[in-house]
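A quick write-up on the structure given underneath.
Keep in mind it's a predicted model, so treat the numbers as computed, not measured. Order of the sequence lines sets the chain letters (A, B, ...), proteins ahead of strands, with each chain counted from 1.
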Amino acid sequence: MKRYFAGVDIGSTMTKVVIFSDRIEATIIGPTGPEHRKLANKVMEEALNLAQIRFENLSYIIATGYGRINVPFADRQITEITCHAKGLHSLLPTVKTIVDIGGQDSKGIKIKDGKVVSFVMNDKCAAGTGRFIEIMADSIGVPLEDMGIISLTAEKAAPISSTCTVFAEHEIINKLASGETIPNLIAGIHESVATRVSAMVKKLTIEQDVAVTGGGAKNIGLVKALEKKLGCSIIVPPEPLITGALGASVLAKEIFEKYEREGQMPVRSSCGLQEAKIFS
Amino acid sequence: MAFFLGIDVGSGWTKAAICEDNELKSYAIVPSGGDYKKAAKEATNLALKKLNLSVKDIKCTVATGYGATMADFANDVISDISCHAKGISVLFSNVRTVIDIGAQFTRAITIDNDGRIINFIMNEKCAGGSGKFLQVTARILHVNIEELGRLSLESKKPVEFTTACAVFAESEAISRISEGARPEDIVAGIHKAMASKIMTLVTRVGMNPDYAVTGGGGKDIGLVKAIDNELRSKAYIPYEPQITAALGAAIFASSK
Amino acid sequence: MAGIQNLKGLAKAEKYYTDYGTRAKELRAQGNRVIGYISALSPVEILTASGVVPFRLKGNVEEAITKGDAYMETIVCPFVRNVFDSAIKGKFHFIDGMVLPHQCDSLDRTSDIWRDYLNLSYFHFLNVPHVTDEPSIEFMKEILRLFISTIEDFTGNKITVDSLKKAISLHNENRRLMRSLYDLRKSNPPLITGSEMMKVLVAAMGLPVYESIELIKEIIEDVKGRKPLTDGQRKRIMLIGDQIDSVIITDTIEKAGAYLVMDDISIGSKMYWQDVDEDKEPILALAERYLRKLKIPTTFVDTGGTYEENLNARFGHMRKYIEEFNVEGAILFIYKYCDPYGFEVPAIKSYIEAVAVDVLYLEDEYSISSLARMKTRIEAFLEMIA
Amino acid sequence: MAEEKKGRALATKAAASIPKFVRGNLAATIKAKEEGKKVAYAYIADGQDEIMRAMDIVPAWGESFAGVCAAKRDAEKYLQKAESDNFSRSLCTYATCTIGFDMIRSELGVDIVPDAPWGGMGRPDMILGSAQLLCDPRFKWPQATQHYLRDVPIFVGAMYYPPFDPKLNHHEQEKFYVKYCTEELRECVKFCEKHTGKKMDWDRLAEIVELSDKTWDLFIDTYELRKAIPTPMDTGDAMNTMVPLTFNLGTQEAYDFYKQLYDELQEKVKNKEGVVEPEKYRLIWAAGLPSWFALGDFQYFNSKGATFPVEVTYRGCEKIERLELPKTSDPLEHIAWRWVRYWTHWYDKARKRPGSLPKVERIIEYIEEYKCDGVVFHSAFSCRSWHAGIIHQAETLKKVYKEIPILILEGDIVDISSYNEADTHNRIDAFIEAVDAYKSRMG
Ligand SMILES: Nc1ncnc2c1ncn2[C@@H]1O[C@H](COP(=O)(O)OP(=O)(O)O)[C@@H](O)[C@H]1O
Ligand SMILES: Nc1ncnc2c1ncn2[C@@H]1O[C@H](COP(=O)(O)OP(=O)(O)O)[C@@H](O)[C@H]1O
Ligand code: SF4
Ligand code: SF4
Ligand code: SF4
């Protein structure tokens, strides 16, 4: 009988689910959003439908991400740092340094044999996160998905002097009004984020290969800007958003099998597929 | 008979005020958007229209605010801190401390009896605690910014906010809502957090029992009440706090 | 308040921790004088000898700074700002005075502010040197004498050689007992949790020394006979930093699935590991303890030998802790704007990593505002070393 | 201090010759090796200048080099390097800038670091740090540097002075403070002797100390010419002309420089030649190291008709007679007295005005003597030493003296990332308006 495992990654912006057996059976990406925060169960249902299995078929479930506590039906919580490392290693075993750019956090992770050896994380300021890019995209009226492509046509990145997201937003609107081109502006936005992220990631002695995960990796312009700042090429996995959830599902499998080897039964959550009632 | 124009090109809103003999005759408020030049023209035209005047009737114009230099039709530029001071002094001659809450910047100004600056202080590199908070809050609660004040007054148990970042305050507020916090408690929490930041500025610049709250934030009675609580006194509030600097600029224009 | 008298041991410590200052308040109401102090660099023996109640000032990580910033720049370390904020809000209304030692720029450069805005009847800035050579010991003695004379003037009580010796031996006893309590963390699993220990440490620093001695004795009795609560499968962690004084951080570490078994923090082992030599002339003995024995980054240590020797002189005690307490991971928690600790982060980190113990470096505020982030980092660290 | 990107126009010819001094000091640290001289990392105002000069030790000033990097807007690479080994961004950026520089030096395994502004500093043979009432980085920075230059020995001496306490009599404490300083200076001499293999020439030291005294006096005489209305030189220049006093104390070049400056200013005063025409506002730079990357801001003040005839920063000396130094034949003891009294000579004055502070007394004296209408402070986020306590000074000034307009600019000395020119100019505009109002109020 085939065994199924699930990883649920509740990010600040996106909720991701991966169902895994010995390969990826289903992946779902949905917004986290205000109401969705407690609705990890709904996203999970979607994933189950896609994989055409039932909740009872899942042998072990791991939740990760900043809202990992809000998944009552998860059997265990593991931080996104460990999960990203695991997920990425399962896809690209040569990678030693991961840069993760999420909605609220940016991180640098060093891995060896799929295990974390050190990591860094940004402090509580929106500058240098995916949120910064979202806000800027919104205020210049360019869809987030197009930011990357458009910035590649820039002649020269327009420098943005404010670090604060709020100030930078005004600065950009003004620059736009005074005739700066949109591609140049977007390139400037990417550069601003890349500068902050690279300064942080450089605290880890960077070893190649370097990969980028999280939503930021979907932005080719940002990836290019990062490559310039870090002075090396960067690998982008095929679906960077799901790296954390994938890692969680792989870990679910590993942990389950370890229990099995030791002849023990894993402790499982007593909650069914229900809404979250406690929050963090 | 002569008319004078003050134009305040703020980072969020552009305000125009027209005076005759130091008396406010008309005003207009429009969003600044990206194009400050356009906003300045728009606000001016709106204010003129209310009086059935045209640009030619304006004898002198003073521009102020974040984008003042973009109002290229003005005869002079004066900093918005001076203009706030001037504007308040014609409205309330006894006020000695002005708290201006704009979209990005919050400042505290002390003024002398001629409405000139003695001292001022403003937030620096971080927009934590600025008027931006109010905009963000209104947006996520799906209410008009005008309603925040009233809502806040209904609160019995303001939410304690842990983040000072104007951007992450949004996510925090959203989480609180989904945990079941009441909208009024969220607003009151935001107001409290802002008031305590503002309190720091005021203490540093010099507190005076006769103080006024100006700028867009002055329109928010909840915020004003939170400030009053912190300062243990009662603020003077102009009829239209947001145009205080524009009014001051118009007064300056009259004396040119 | 009547209830407290009936509490014993850990329950009492818990109460003193939660209502920090209760006992000092009571003692003040009974006519005692209370003198506040900051940092492990303040010679509490002298306060005890002068008959006042020494009371270590602490901030509250759960409370945002709302008043202090009007007086003190935000470039001062967040711990100092938070304590000052508490003070200016009147949280320490029961202290008669305070002594502020010259530990670091954040304290030294704000001493005028403490003095001028708190309006205490007694205030003394203790100008401790940063170097440890012979002239510095002589100077330190002068500084201690000056401190003694100001506190004598304030209380009207003379500090005699005898009273000083008595105070020294009481504090030594207090330190010895606290170390025995620490010993109970050596077993696996430890008999006392990191959060319990944090409560004891905080409780003790708000008590007169004889009460602290009683309290620690009771707690040792409480704890000694305990049965280990868990399976001993968790990682053993040491916490390093300056002024960490809240169970929120120890809880975060332990709830993430670790044992907090040792510390090198200002209210912890730094306070209790070195005794004052009772065989020497008391002022000299005090000078030597606070200048040469105490392990803090603000006393410059140089052996004149190789860099490795210097590192051993500076951080060797941490290596000992690691061995004695079987430490498997270290968390180095440093506040922003702290120059003394900030400049040694790379050195400490590489020194500890050289003995094959991983280090998590956290730079943060003295505030729970970023608790969620801190949790994630600590959990990830534990997963990393698992 | 150094030339910067935009090339600030300097009012005096003397100031324009400063880059030569700075380059010369840096070049000396590189040439020293060929000349068989020892190089020491040194820090300003440590009282050790004259000992170094008397023993032919070439000082390499980290503060100067970091200032050059900042002025050339080329510090970021070093700051980032230091940050990459977990040095916080909140630490003194003079320190992190040079630590980053030394990290690169050690990584490349070279004595001379390529691509360094103005050639960089030579590799030190020793580090002469200082633990004093002045700043933590002065002894933590050497330690941190040693982490990358492991064979370089460090000496840290203490130069303490009695802290101000209105209730205590500092005169009683001065004695043991001076004794301590003197002994620490003697330790410094011992250390230098050990690491240079030379003996101290005490007569030479005495001569150098005398030259320093003369330089202090001449410096003050020169700067006092700036009391003239309009002032012939302002702080924008002084951030350059401080170099010989700060980095070349005890040398004939330093003395000669001020002689030249003295003559130039005297000439200007005679011709009523001011920094700006007309001089509308006179301001005091009351505390804070400048943002080296934005010295152009002084010109922005000038463009508004404002000048700074006086500053507290880098006025690291005083008329010797004013200090009433006790006679001594020991040059080290003389240095110690000069240092201690440099601080304490304001104390009696401060005690007479209840609630005042020595630092505030100094500001008040300058405001009166240099006829200032406004006060500007700069608060650099990475240095607590000079910049924590500024709010308190400003408050005290208002309380014990008068409601004079005060501007506190926030920025940094080296780290440009938080600087915003438009914002700063905006603030200056409003401040000048406040000063204008103040002047008309005062009549
Ligand atoms: N298609 C896309 N193109 C560019 N950026 C994207 C895209 N999708 C998501 N992002 C970015 O990714 C971020 C969310 O990334 P994610 O890793 O899911 O973060 P979290 O885990 O915090 O929710 C958003 O802030 C956004 O900036
Ligand atoms: N009706 C209102 N009620 C409450 N707050 C308001 C209202 N209108 C505007 N604001 C607040 O005022 C701010 C804008 O104030 P304003 O003084 O115009 O700033 P600026 O001059 O920087 O554009 C907005 O950010 C918003 O927070
Ligand atoms: S600087 Fe801006 S983005 Fe950063 S914390 Fe402050 S408000 Fe948030
Ligand atoms: S944390 Fe650092 S700066 Fe703060 S009091 Fe301690 S040593 Fe001083
Ligand atoms: S005084 Fe300030 S700038 Fe100078 S070394 Fe010390 S901390 Fe750095």
Is any side-chain heavy atom of D:F139 less than 4.5 Å from a side-chain heavy atom of C:V131? no
Quick check: closest heavy atoms across D:L91 and C:C338, and the distance to 0.1 Å? CD2-O, 3.5 Å
Under 4.5 Å from any heavy atom of chain D - which part of C:E308: side chain
Can a side-chain donor-acceptor contact be found between C:N127 and D:Y177 if the only test is distance below 3.5 angstrom? yes
Measure up the C:F343 and D:F87 rings against each other and bin them: parallel (under 30°), tilted (30 to 60°), perpendicular (over 60°). tilted
At what distance, to the nearest 0.5 angstrom, does CZ of C:F139 lie from CD of D:E183? 11.5 Å
Count the heavy-atom pairs under 4.5 Å between each of C:P340, C:G304, C:C77 and chain D, then report the option with the highest count. C:P340
State the NZ-OH distance between D:K167 and C:Y122, to the nearest 0.5 angstrom. 9.5 Å
Tell me, do C:R115 and D:F164 make a side-chain contact under 4.5 Å, heavy atoms counted? yes
Mark yes when over 12 heavy atoms from residues, nucleotides or ligands other than D:K194 sit less than 6.0 Å from its NZ; otherwise mark no. no
When the 4.5 angstrom heavy-atom criterion is applied to C:D339 and chain D, the contacting part is both
With a 4.5 angstrom heavy-atom cut-off, is it the side chain or the backbone of D:S88 that approaches chain C, or both, or neither? both
NZ/C:K336 to CZ/D:F381 distance, rounded to the nearest 0.5 angstrom? 11.0 Å
Can you check whether C:I75's main-chain N or O pairs, donor with acceptor, with D:R384's side chain at less than 3.5 Å? yes
D:E172 portion near chain C, given a 4.5 angstrom heavy-atom threshold: neither
Between atom SG of D:C135 and atom CZ of C:R109, what is the distance when rounded to the nearest 0.5 Å? 8.5 Å
Which residue in the set D:R150, D:Q146, D:H147 passes side-chain hydrogen bond (donor to acceptor under 3.5 Å, both in side chains) when paired with C:Y307? D:H147
Highest number of heavy-atom pairs under 4.5 Å with chain D among C:G342, C:A347, C:S136 belongs to C:S136
Pick one of side chain, backbone, both or neither for D:P153, based on which atoms fall under 4.5 Å of a heavy atom in chain C. neither
Side chain from CB out, backbone as N, CA, C, O: work out which of these in C:V80 comes under 4.5 Å of a heavy atom of chain D, or both, or neither. neither
Heavy-atom distance under 4.5 Å to chain C: side chain of D:L357, backbone, both or neither? side chain
Are side-chain heavy atoms of C:P129 and D:Y180 found at a separation under 4.5 Å? yes
Turns out that what part of D:A380 lies under 4.5 Å from chain C's heavy atoms comes down to backbone
I need the residue from D:P166, D:S379, D:G157 with the largest number of non-hydrogen atom pairs under 4.5 Å to chain C. D:P166
Looking at C:T110, C:V345, C:D112, which one has more heavy-atom pairs under 4.5 Å with chain D than the rest? C:D112
Hey, does the side chain of C:D105 reach the backbone of D:D136 with a donor-acceptor pair shorter than 3.5 angstrom? yes
How close do C:H130 and D:Y160 get, counting heavy atoms only, and between which atoms? N-OH, 3.1 Å
Using non-hydrogen atoms only, which part of D:F191 is less than 4.5 Å away from chain C: side chain, backbone, both, or neither? neither
Donor-acceptor contact present, side-chain C:E73 to main-chain D:G389, <3.5 Å: yes
Which answer fits C:D69, side chain, backbone, both or neither, if we ask what part of it has an atom under 4.5 Å from a heavy atom of chain D? backbone
If you tally heavy-atom pairs under 4.5 Å between each of D:A82, D:A95, D:A144, D:A388 and chain C, the highest tally belongs to D:A388
Nearest heavy-atom pair of D:H392 and C:D116: which atoms, and what distance? NE2-OD2, 2.9 Å
Restricting to non-hydrogen atoms, name the atom on D:P163 and the atom on C:F125 that form the minimum distance, rounded to 0.1 Å. CG-CD2, 3.6 Å
Answer with side chain, backbone, both or neither: which region of C:T150 has an atom nearer than 4.5 Å to a non-hydrogen atom of chain D? side chain
Could you tell me which portion of C:F123 (side chain, backbone, both or neither) has an atom closer than 4.5 angstrom to a non-hydrogen atom of chain D? backbone
Please flag which part of D:I99 lies under 4.5 Å from any non-hydrogen atom of chain C: side chain, backbone, both or neither. side chain
Heavy-atom cut-off 4.5 Å, strictly under: side chain, backbone, both or neither for C:S350 against chain D? side chain
Leading residue by heavy atom contact count with chain C [cutoff under 4.5 Å; candidates D:K140, D:E187, D:R186]: D:K140
Contact class of C:Y361 relative to chain D, heavy atoms under 4.5 angstrom: side chain
Please state whether the side chain, the backbone, both or neither of C:L146 comes within less than 4.5 Å of a heavy atom of chain D. side chain
C:S111, C:G305, C:P297, C:S106: which one forms the most heavy-atom pairs within less than 4.5 Å of chain D? C:P297
If I measure from the heavy atoms of chain C, does D:K175 come under 4.5 Å with its side chain, its backbone, both, or neither? neither
Within the side chain of D:N86, is there an N or O that forms a donor-acceptor pair under 3.5 Å with the backbone of C:P346? no
Basic-acidic side-chain contact under 4.0 Å: D:K179, C:E142: no
If you round to the nearest 0.5 Å, how far is CD of C:E134 from CD of D:E184? 11.0 Å
